[in-house]
Amino acid sequence: MKKIIKIIAPILLVFVAVGCGNQDYVVPSTYSDAGFYSTYGKGDNKTAVYGSYETFQDVSQGAIYHTWEIEEGNEFLKGPIPQGAKTYDHLIANPGQTKTEEKTINVLFKKGNITSKVKMFNVFNEPVTFRRGPASIYANNPGGDVVAVLQTEGQWAGKYVLEIDIIVDVYDLVVPDLSISQNGTIIDHKQVGAFIDLKAGEKLEFKDLSALVPNTSRPTGRTWKITNIATGAVIVSSQLEIASIIFKKLGTFSATLTASRAATENVPGSSTIYEIPIQFRVGPSDQPFVQAGSIKTLVDGTIQLPLSADIEPGFADQKSFFTVKVNGISFPINSVTQNATNESILDIKVIGKLYPADVVTISYAAGSIKSSDERNLVAFTDKAVVNYDLNFLGTAAGGFEDVFGATWVASNNNSGTISYSTEQKLTGSSSIKAVAQGVERARFQSSGNGTSKVFNLVAGTTYTIRYSRFVKSGGSVSGDKIFLIYPQVQINGPSSTYNAADNDQWKTYEIDYVPTSDAAGQSFYIQLNPGAGTVYYDNFYIAVKSVRP
């Protein structure tokens with residue numbers, strides 16, 4: 001409910017309170033002055049949303065004439081305004097009216113506009129200044145004093161006219177807009193009763209265009225939902241601005257886009273659901289049902305086998321059709337099940353433990369596993385399995401695939417140049433590049449702002465440390481030192497001295513390290529020896545040593 005403070009103080013006190021801005025206010029002897037109250041209080045950032053109202057009251061003294069004026073499209077409301085009202089159209093005083101001589105007004109904002117104006121117009125017999133401080137950080141808060149202007153002609157000749165524009169940033173309704181494309185071709189999605197015909201496994205690209213709608217709603221997020229019309233089940237949900245959605249199941253589907261604006265301290269949240277008129281009809285695929293994607297193990301040893309389409313649930317026991325080899329030896333299989341959250345993945349458990357250093361392969365002979373559109377899974381032989389291997393640095397940070405400064409940073413005592421580079425890399429798209437000139441020492445470490453920047457070590461435990469290095473020929477730098485720095489201990493030993501025969505190629509080094517005491521908050525520190533040179537590093541790795549006993 002909007003509230004406005006009743007003016008009950010003596011005139012002198014009122015205008016000390018109203019004195020607009022940060023400057024001291026001197027009460028004129030004639031008591032003529034300009035001021036207003038509003039439901040915004042003293043706030044500089046005046047915002048509203050479509051369909052809401054705000055109250056303004058002129059508390060000027062000595063004015064011989066006064067009006068409030070609002071922009072066309074907004075409305076004046078008559079009071080009293082019921083508490084908890086959800087709409088206010090029935091309270092519009094005179095539809096279309098934009099000017100009134102009332103001292104107190106309730107303004108219903110019916111039009112989005114970043115610079116919506118509410119104008120206070122007053123006429124005085126003597127000079128008046130409306131005092132306010134400088135403009136704040138908010139674009140809709142004009143700053144500086146406003147001085148009444150002496151009129152030399154017209155209705156108010158010889159009088160002083162004061163006009164104050166109160167700027168309100170009005171947020172419009174959120175309006176969803178989107179595009180749908182297939183293989184780069186935009187599809188007309190607005191035909192009611194029409195269908196997009198797809199085959200199982202085909203995908204469409206859904207792009208949220210709501211932020212481009214020419215209004216002032218300023219949406220901040222969205223949700224896509226794909227629903228099976230027959231069952232009412234939501235089969236896909238995504239918050240991505242551009243969602244690439246694969247239709248894996250047979251049937252007819254509808255889609256919605258909910259465009260939304262997150263709530264802030266001054267602006268309430270808002271959302272609008274758009275039901276996409278066209279529907280999506282999915283039939284059987286004419287492509288083979290195959291293993292697709294990287295096969296990997298989880299921390300508990302489960303082998304996750306991704307397939308090219310959703311699996312028909314309820315298949316019979318398939319253990320006899322799979323072969324898992326560990327270091328060339330077949331391991332017995334305990335179970336083959338469909339993943340609980342992703343219907344296109346098989347979870348396979350073997351009897352026995354898998355270690356990171358193991359070489360694991362998996363094969364499938366033609367069993368009775370089918371896709372949801374009745375295609376038989378194609379047999380395959382000796383596909384590689386990527387073992388779960390917990391790099392304490394994380395895969396992205398260890399491989400310099402994150403953002404420079406997040407984990408890896410130049411050290412405080414660095415006198416060279418440290419940066420991520422795509423010039424040389426062993427794997428991925430980048431490595432870290434250390435450049436030194438003259439007697440400089442390039443230094444960097446893994447102690448930036450990333451969540452994987454530090455790791456803990458336990459006394460007596462054997463850890464495998466591995467990294468790769470590329471030394472560019474032509475430099476004079478003779479070697480490097482790689483430390484764990486809490487406490488500081490050099491861990492690269494003989495590999496610290498560069499060998500000219502190893503220049504201009506990637507070399508990988510592996511060290512076993514056993515700390516003599518627990519170390520919390522440990523990180524890497526790399527220092528080039530004095531001398532000019534360029535050295536690249538990639539794939540830093542540290543984990544508990546884990547090999548089959």
Exercise. Does N342 have any side chain to side chain contact (heavy atoms under 4.5 Å, CB included) partners at least two apart in sequence or in another chain, and if so, which?
Worked result: K248, N339, S344, I345
Exercise. Is there side-chain contact between V359 and V326, with heavy atoms separated by less than 4.5 Å?
Worked result: no
Problem set entry | Ring geometry between F470 and Y536 (parallel below 30°, tilted from 30 to 60°, perpendicular above 60°) | perpendicular
Exercise. Got a sec, which residues hit salt bridge (Lys or Arg N to Asp or Glu O under 4.0 Å) with D208, two or more places apart in sequence or on another chain?
Worked result: R222
Exercise. Going by heavy atoms in the side chains, are I226 and S254 under 4.5 Å from each other?
Worked result: no
Exercise. Would K119 and D165 pass as an ion pair if we require N to O under 4.0 Å?
Worked result: yes
Problem set entry | Minimum heavy-atom distance between R261 and V267, given as atom pair plus value | NE-CG1, 3.8 Å
Exercise. Below 4.0 angstrom, N of the basic side chain to O of the carboxylate: do K46 and D169 qualify?
Worked result: no
For this session: Flag the pair E241 and K207 as a salt bridge only when some basic side-chain nitrogen lies within less than 4.0 angstrom of an acidic carboxylate oxygen.
Result: no
Problem set entry | Validation row, ring centre F540 to ring centre F524 under 6.0 Å | yes
Exercise. Relative to each other, are the rings of Y88 and Y53 parallel, tilted or perpendicular (30° and 60° limits)?
Worked result: perpendicular
Exercise. Is any side-chain heavy atom of L390 closer than 4.5 Å to a side-chain heavy atom of Y388?
Worked result: yes
Exercise. Any ion pair linking R375 and D373 (charged N to carboxylate O, less than 4.0 Å)?
Worked result: yes
Exercise. Does a salt bridge link E72 with K111, judged by any charged N lying under 4.0 Å from a carboxylate O?
Worked result: no
Exercise. ring-ring contact (aromatic ring centres under 6.0 Å, His included): which pairs involve residues 318-359, sequence neighbours left out?
Worked result: F322-Y364
Exercise. Can you list the residues that meet the ring-ring contact (aromatic ring centres under 6.0 Å, His included) rule with F206, with sequence neighbours excluded?
Worked result: W224, F280
Problem set entry | Nearest heavy atoms of L108 and G51, plus distance in Å | CD1-O, 3.6 Å
For this session: With sequence neighbours excluded, tell me which residues meet ring-ring contact (aromatic ring centres under 6.0 Å, His included) with Y420.
Result: F400, F404
For this session: Using a strict cut-off of less than 4.0 Å between a Lys/Arg side-chain nitrogen and an Asp/Glu carboxylate oxygen, indicate whether K370 and E312 qualify as a salt bridge.
Result: no
Exercise. Does atom NZ of K383 have more than 12 heavy-atom neighbours from other groups under 6.0 Å away?
Worked result: yes
Exercise. Which pair of non-hydrogen atoms, one from P356 and one from S546, has the smallest distance, and what is that distance?
Worked result: CD-OG, 2.9 Å
For this session: Would you mind listing every ring-ring contact (aromatic ring centres under 6.0 Å, His included) that reaches into residues 169-195, with sequence neighbours excluded?
Result: none
Problem set entry | Minimum-distance pair of heavy atoms, taken over all atoms of K110 and E75 | CG-CG, 4.3 Å
